[in-house]
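These notes are about the structure you will find just below.
Each chain gets a letter, A, B and so on, in the order its sequence line appears, and its residues count up from 1. We use all heavy atoms of the structure for the numbers below, so side chains are in, but hydrogens, waters and symmetry mates are not.
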There are 2 protein chains.
Amino acid sequence: MDKIRQSTLHGEVAERVRDLIAQGVLAPGSRVPEKQLCEQFGVSRTPLREALKVLAHEGFVELLPNRGARVAKLTRTTLKNTFEVMQSLEALAGELAGTRISDAELANIEALHYQMLAHYKGGNMQEYLLTNQQIHEAIVVASQNDVLIDVYKNLNHRVRRVRFTAELSKDYWSQAVSEHESMVEALRARNGAALGEILRCHLRNKVEMSALEEMAE
Amino acid sequence: MDKIRQSTLHGEVAERVRDLIAQGVLAPGSRVPEKQLCEQFGVSRTPLREALKVLAHEGFVELLPNRGARVAKLTRTTLKNTFEVMQSLEALAGELAGTRISDAELANIEALHYQMLAHYKGGNMQEYLLTNQQIHEAIVVASQNDVLIDVYKNLNHRVRRVRFTAELSKDYWSQAVSEHESMVEALRARNGAALGEILRCHLRNKVEMSALEEMAE
DNA sequence: CTCCTTTTTTTTGAATGCATAATTAGATTT
DNA sequence: AAATCTAATTATGCATTCAAAAAAAAGGAG
């Protein structure tokens, strides 16, 4: 692993630790080994600890007094709550994007949409989910609301580790795809209200929720 | 000023700095004087700097490489964006609270509502705004969605410094009050959908927005 | 052998120290 | 006196150090 050198050292470290958590290298509930990570990243404890404070605020780890940081467990309840909020934010993003989206952004989303359809037809679920994710992120960005974008990105980060583990049923999948058709149509028509409504009910998150049923507490 | 001693030192420090920013002691755009604050709080630079990292993530300050932290300016755009998101979150909270709110919580909100009406009748705008704020917070809490509550609280923190500076027009004020009547009714009926709809259109934030017109960039 | 106590080691939280970058103050020139 | 360049001062970013707490290991009693 190469060392970290950048303007915001703690930011880089935070990014790395987030990755380790997302990849499951740092298991939920396990303590965060400060010393080891410092050696691994080639930094001292100061920036690492700064990063941990931020990560704690983001909900990735919890700080226990005199016991350092532990990787936060993603309970089913927390995940459900997170998706609930994200879905609401996406709906708002859709409403805003409807009036604010640029032609270039729309074209990009259309391109992603066709990619996604291809993955659907090809039965390539991993690729499908990735592209699907990108479309939703693009809509959020098109809202041009920086606060919304920030909050959404943060929540998205948190649930990253359970993403792409879903096994969609045929029915759910086809319905999600057809909803995406409507989304793109609403975007083309610059109809924010319609897009918001679709996203508010869009079952992508519900699909992801279903993946949690199997998840261990 | 008394010293800080608690389990999470950086958390306490962050709280204090937030207050200083909210109260305007630390002016927007001004640099955060590390040394001075350390002396004032009776702590070393380490916990203060940890707090600054968190505050930067929260949007209270911005970190400039090799130039420390500056108090973030709340531009009109950022405020507008923040209120937009908060309004959307409140709407979601309303939907959820409709089905989840406890009798005790409902009773509390009703009590606050009557307090608020009294302040309205008495023309006491400061007290009105405070109670109004408490009602909205209570609805968010009643959603029982911890993620939602967290995100909302954070955004609320950010705009604290411009809160309660609003001068409401008679018309806006009376309409906001009547909307609150509907809100309480919807809550009593445990009608989340209706409450969500009301909150989505509720002009409290719009009122607050109007106060920003006068605000300097 | 198991359970409890005591000692050692490790880890944590926070202060301090140090090298570098930025700011201020002062000198020099015009 | 104004402007520009240079030296002194200060602030910043990170590493290191130190005291206190927790975890682990060793010892002893039942």
Task: Taking every non-hydrogen atom, the tightest pair across B:L63 and B:L52 - done: CD2-O, 4.4 Å
Open item on the list: Please report the interatomic distance CE(A:M116) to CG(A:L129), rounded to the nearest 0.5 Å.
Closed with: 10.0 Å
- [ ] Check side-chain contact (heavy atoms from CB on, under 4.5 Å) between A:E58 and all other residues, then give those that pass, not counting sequence neighbours.
- [x] A:R18, A:V54, A:L55, A:F60, A:N154, B:H57
Task: Axis-to-axis angle between the two ends of the helix from C:dC1-D:dG30 to C:dT30-D:dA1 (five base pairs per end, rounded to 10 degrees) - done: 10°
- [ ] Check the distance between C:dT12's P and A:Q36's CD and give it to me in whole angstrom.
- [x] 11 Å
Open item on the list: Between A:R160 and A:D19, does any NZ, NE, NH1 or NH2 come within less than 4.0 Å of an OD or OE carboxylate oxygen?
Closed with: yes
Open item on the list: Do B:T77 and A:D146 have side chains that approach each other closer than 4.5 Å (heavy atoms only, starting at C-beta)?
Closed with: no
Task: Option from B:I149, B:L148, B:L155 for which side-chain contact (heavy atoms from CB on, under 4.5 Å) with B:V151 holds - done: B:L155
TODO: Would you mind classifying the nucleic acid contact of B:L63 as base, sugar-phosphate or nothing, using non-hydrogen atoms under 4.0 angstrom?
DONE: nothing
Open item on the list: Are A:T78 and A:R158 packed together at the side-chain level, in the sense that at least one heavy-atom pair is separated by less than 4.5 angstrom?
Closed with: no
Task: Residues which pass side-chain contact (heavy atoms from CB on, under 4.5 Å) with B:E197, listed by chain and number, not counting sequence neighbours - done: B:R200, B:C201
Task: Partner residues of B:R190 under the salt bridge (Lys or Arg N to Asp or Glu O under 4.0 Å) criterion, sequence neighbours left out - done: B:D103
Task: Of A:R70 and B:K35, the one whose closest DNA chain D nucleotide lies more 5' - done: B:K35
Task: Gap between atoms CG and P, on B:L64 and C:dA22 respectively (whole Å) - done: 11 Å
Open item on the list: In whole Å, I'd like the distance from the CD atom of B:E34 to the P atom of C:dA14.
Closed with: 16 Å
With the criterion being N/O to N/O and under 3.5 Å, what pairs connect the protein with nucleotides 20-22 of chain D, and how long is each?
none

- [ ] Report the distance from atom CG of A:L9 to atom P of D:dT12, rounded to the nearest whole Å.
- [x] 17 Å
- [ ] Report yes if the side chains of A:H136 and A:Q87 come closer than 4.5 Å at any heavy-atom pair, otherwise no.
- [x] no
Task: Whole angstrom value for the distance that separates C1' of C:dA15 from CZ of B:F41 - done: 17 Å
Task: Interface with DNA chain C, restricted to residues 44-58 of chain A and to heavy atoms under 4.0 Å - done: A:R45, A:R49
TODO: Using side-chain contact (heavy atoms from CB on, under 4.5 Å) as the criterion, point out the one residue from A:L92, A:I139, A:L89 that pairs with A:L199.
DONE: A:I139
